[in-house]
Number of protein chains: 2
Amino acid sequence: MKKKEKITIHDIAMEIGVTASTVSRALNNHPRISPATKKMVLEAAKAINYKPNRIAAALRHGKSKLIGIIVPTINRNFFSSIVRGIEEYANARDYKVMISQSYDDYRKEVETIDALLDARVDGIMVSLGKNTHSYAHFDAVLQKGIPLVFFDRTTDELTVNQVVIDDFASAYQATHHLLDQGYRHIAHFTSHMKIKIYLERLRGYSQALRDYGIPFDERLVVESNMQLDGGQESTRFLLEQGLGFDAIFSASDYAIVGALQELKKIQVKIPQEVGLIGFSNEPFTEFTEPALSTVDQKAIAMGQTSAALFFEMIADDGKPKAMVKKTLDANLIIRSSSSRIS
Amino acid sequence: MKKKEKITIHDIAMEIGVTASTVSRALNNHPRISPATKKMVLEAAKAINYKPNRIAAALRHGKSKLIGIIVPTINRNFFSSIVRGIEEYANARDYKVMISQSYDDYRKEVETIDALLDARVDGIMVSLGKNTHSYAHFDAVLQKGIPLVFFDRTTDELTVNQVVIDDFASAYQATHHLLDQGYRHIAHFTSHMKIKIYLERLRGYSQALRDYGIPFDERLVVESNMQLDGGQESTRFLLEQGLGFDAIFSASDYAIVGALQELKKIQVKIPQEVGLIGFSNEPFTEFTEPALSTVDQKAIAMGQTSAALFFEMIADDGKPKAMVKKTLDANLIIRSSSSRIS
DNA sequence: CCAGCAAATGCAATCGATTGCGCTAATATA
DNA sequence: TATATTAGCGCAATCGATTGCATTTGCTGG
């Protein structure tokens with residue numbers, strides 16, 4: 001139970017009567033090693049069940065083959081799906097991923113960056129916390145030349161590669177769809193305006209209204225925490241104001257469920273009287289009554305794209321290319337909650 | 001942009017005129033270093049912005065401070081919440097977690113174990129894939145003395161510490177609740193019978209029936225993949241068989257949503273005509289119409305407990321204790337789908 | 001005043017793999 | 001046949017931190 005037979009390249013070197021250097025080169029398929037020797041090494045390695053020590057290798061050439069990921073919280077379908085995408089892509093290339101959560105806490109985010117740096121990750125991908133309005137903690141990352149990728153919750157205040165969906169276009173589409181369905185007094189649920197994705201969605205929403213010749217009414221734009229309770233509160237607020245809205249486009253699925261609940265509570269018919277559209281395509285949107293229209297953010301693809309970007313960055317190492325910004329198309333998913341014209 | 005000023009203990013040693021040994025000891029708060037020197041070292045370290053290289057340290061003393069986690073898929077609330085629990089607990093103790101997914105694929109699981117071993121993780125926590133019926137790939141882990149913890153999807157065929165919820169008791173409770181509500185023909189949705197948790201839930205289900213004096217009817221137990229479509233199929237199957245069930249206790253939330261959809265499609269009233277209970281407390285169960293009763297598996301707590309178990313194992317290293325099996329209490333959450341007596 | 005001991009630090013090996021440089025022998029070129 | 005090449009491999013340093021053992025310095029007690 002405690003047999004610590006550490007098998008190293010020296011063991012296999014001894015086994016076949018060469019030096020560790022040769023074994024190392026053979027294992028790495030170095031051109032200056034004869035095919036015969038390579039074969040012997042490989043066989044001996046297999047025979048004595050040799051496992052390379054990545055830590056030693058990492059120390060030597062400064063590459064840990066580790067990618068650090070920071071998300072606000074992992075137990076949210078959107079983020080865990082992104083992580084899934086990254087993991088898939090990275091694993092296939094012999095990289096492992098390390099997860100950290102910021103809990104939308106600025107301080108925790110700073111600490112985590114530090115921890116990842118300590119762990120000597122080869123790259124960092126992050127989705128910014130909601131309260132992150134200063135970016136000095138990324139300076140160290142950039143300065144060390146460690147590839148950094150922002151996904152979804154990004155910022156333009158830093159010259160960093162990023163992967164986002166087309167928030168503007170999808171918000172535009174969603175709003176347009178509501179207009180097509182005959183809704184004319186469309187409210188919008190949004191979050192703190194410091195975050196770009198919410199700004200973009202608001203922009204798409206108002207642009208769609210404008211293009212349709214509908215005046216933008218700022219009283220119909222309600223800020224909240226974008227959670228279930230936030231959606232409930234925002235809905236009650238709208239009702240109390242008596243502004244007579246007939247649809248809601250929410251920048252979050254959670255908030256739109258809150259709205260759905262509040263409206264059903266007072267017998268408002270969805271979608272006949274009020275149309276609803278959320279954002280993110282969380283799994284539960286399919287299961288509500290009625291099912292909620294929403295925007296699919298293609299989380300897994302976003303993860304894969306982020307990972308791909310990382311590998312591009314390390315491929316042409318040295319040549320610092322201009323900032324790359326990949327925008328993925330999102331998908332408006334139309335379900336019952338916004339379909340009153342059949 | 002390419003300033004690679006690698007700062008090591010040697011730099012700080014030179015700075016204050018001592019050797020690296022002293023710096024190392026000072027940094028690790030070794031008792032044989034004078035307080036004065038320690039102070040100098042700490043200050044110098046801060047001054048030149050020294051960051052310890054964990055990789056070098058890991059190589060030296062064989063500890064990577066990394067915990068490997070294997071889950072079938074990360075983008076399932078239950079698993080991502082467990083990961084969250086583990087990450088929280090581990091992070092607070094200066095350990096990082098590495099995520100891998102098995103996709104319920106046996107081969108991938110084997111490869112992943114190997115990859116984690118390569119990465120020299122200090123411990124491994126896994127939730128077995130659905131198709132894993134052989135456990136030889138864990139031998140290497142055990143033999144190397146690397147702490148291994150199974151959570152949720154475990155097996156007794158290996159002497160490994162595990163953390164589970166009381167599947168039997170919670171299934172018993174759920175079934176009992178249905179009986180209390182007056183349902184008498186309770187069907188059960190389950191999965192492949194090789195997995196212990198499903199066996200346990202089935203056992204709890206049948207025991208509850210027995211204790212209530214209701215005969216167990218195996219025709220009411222339906223196997224499926226436990227996904228949405230599986231639940232739909234199982235429901236249609238039951239309906240076609242014309243067995244006259246009046247409730248379903250499903251070992252999965254996804255399958256019970258499938259049942260809900262099928263039943264609503266043919267105007268069956270929930271919970272008046274048929275009562276439903278799922279398992280896992282996935283977020284969407286709260287949002288369906290009616291809201292689904294389910295069993296809360298306390299995922300975050302399970303993650304924390306698993307992590308705690310790991311730290312116990314490395315604490316008294318060497319002394320191999322007997323196998324520890326922690327069983328957490330689960331929580332029956334009663335919502336509308338099973339409440340017809342008010 | 002000196003042996004004796006403890007406190008504080010230095011020395012050097014080590015963890016395992018990698019790699020620049022050098023050496024040897026074989027093949028090629030003149 | 002003598003020299004220039006090149007293939008194939010060994011030597012030894014290196015990555016950065018850790019640690020057993022040795023050494024130095026300072027202090028105590030006789």
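Note on naming: letters A, B, ... go to the chains in the order of the sequence lines (proteins, then strands), and numbering restarts at 1 for each one.
A salt bridge links A:Arg84 with A:Glu88: at least one charged nitrogen is closer than 4.0 Å to a carboxylate oxygen.
Side-chain contact, B:Glu87 with B:Asn91: a donor N or O sits under 3.5 Å from an acceptor N or O.
For the pair B:Ile7 CD1 and D:dA17 C1', the interatomic distance rounds to 16 Å; values are reported in whole Å. Rounded to whole Å, atom C1' of C:dG16 lies 6 Å from atom CG of B:Leu59. Between the CZ atom of B:Arg60 and the P atom of C:dA17 there is a distance of 15 Å, given to the nearest Å. For A:Tyr50 and C:dG16, the OH to P distance is 10 Å, given to the nearest whole Å. Rounded to whole Å, the distance from CG on A:Asp11 to P on C:dG16 is 9 Å. Between A:His61 atom NE2 and D:dG16 atom C1' there is a gap of 15 Å when expressed in whole angstrom units. A straight line from CD1 of A:Ile48 to C1' of C:dG16 spans 14 Å, rounded to a whole angstrom. Between A:Asp118 atom CG and D:dG16 atom C1' there is a gap of 14 Å when expressed in whole angstrom units.
Side-chain proximity of A:His10 to the nucleotides C:dA17, D:dT18, D:dG16 is greatest for C:dA17.
At distances below 3.5 Å, not a single donor-acceptor pair connects side-chain atoms of A:Asn75 with backbone N or O atoms of B:Asn77.
Within a 6.0 Å radius of CZ in B:Arg93, more than 12 heavy atoms belonging to other residues, nucleotides or ligands are found.
The side-chain hydrogen bond (donor to acceptor under 3.5 Å, both in side chains) check on B:Asp104 picks up B:Arg153, with sequence neighbours excluded. Legend: residues meeting side-chain contact (heavy atoms from CB on, under 4.5 Å) with B:Asp156, ordered by chain and number and at least two apart, are B:Gln162, B:Lys196, B:Lys325.
A heavy atom closer than 4.0 Å to some atom of DNA chain D occurs in A:Val18, A:Thr19, A:Ser21, A:Thr22, A:Arg25, A:Arg32, A:Ile33, A:Ser34, A:Thr37, these being the qualifying members of residues 18-43 of chain A.
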